[in-house]
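Since the structure comes first, as structure tokens, the remarks are kept for the end.
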Amino acid sequence: MATKNQKMKSFEPGRGYTKEDWDAVDFPELTAEELDNMRPAIDVLPAEFFKAMEEHRKSRGRPSLEHPKKQITLRLDEDVIAKFRASGKGWQGRINEALRKASGV
């Protein structure tokens, strides 16, 4: 069975296409001349395409927060971490709450 990154060299039945489909495809490797003649997409496609792609990319995922949390490296004693972890899921948030309360923020 071929993986995503391997090129199939011969027809394998049961993969969603027929032997005739396999034989009908003629896609030879690019020649050095064809590779030399290729241009970057930004030179060929209209600017609107890239604007639309950027808007689509920004629309995906979680909405951005006004005040996102910052990731830092912090060394804590093992017993402190064990106590918070033992309290269950959300223990990191509870550490945040404890630090907020202790700092008076």
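Hydrogens, waters and symmetry mates play no part in the numbers below; they use all other heavy atoms, side chains included.
Hydrophobic cluster membership is shared by Ile72 and Ile81, with clusters built from Ile, Leu, Val, Met, Phe, Trp and Tyr side chains linked at under 4.5 angstrom. By the rule that hydrophobic residues join a cluster once side-chain heavy atoms approach within less than 4.5 Å of another member, Ile95 and Val105 end up as members of separate clusters.
Note that the CE atom of Met38 and the CG atom of Asp43 stand 13.5 Å from one another [nearest 0.5 Å]. Annotation: the span from Leu45 atom CG to Phe50 atom CZ amounts to 5.0 Å, rounded to 0.5 Å.
The 12-atom threshold is exceeded at CG of Leu76, counting heavy atoms of other residues, nucleotides or ligands nearer than 6.0 Å.
Contacts classified as side chain to side chain donor-acceptor pair (under 3.5 Å) and involving residues 30-39 (residues at least two apart or in different chains) are given here: Thr31-Glu34. For residues 77-103, every residue pair satisfying the side chain to side chain donor-acceptor pair (under 3.5 Å) rule, not counting sequence neighbours, is listed here: Ser87-Arg94.
Ring planes of Trp22 and Tyr17: parallel class, angle under 30° (limits at 30 and 60°).
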Could you please spell out the steps behind the salt bridge (charged side-chain N to carboxylate O under 4.0 Å, His left out) verdict for Lys51 and Glu48? CA-CA 5 Å; Lys51 287 179 189 172; Glu48 294 81 26; 5.4 Å; no

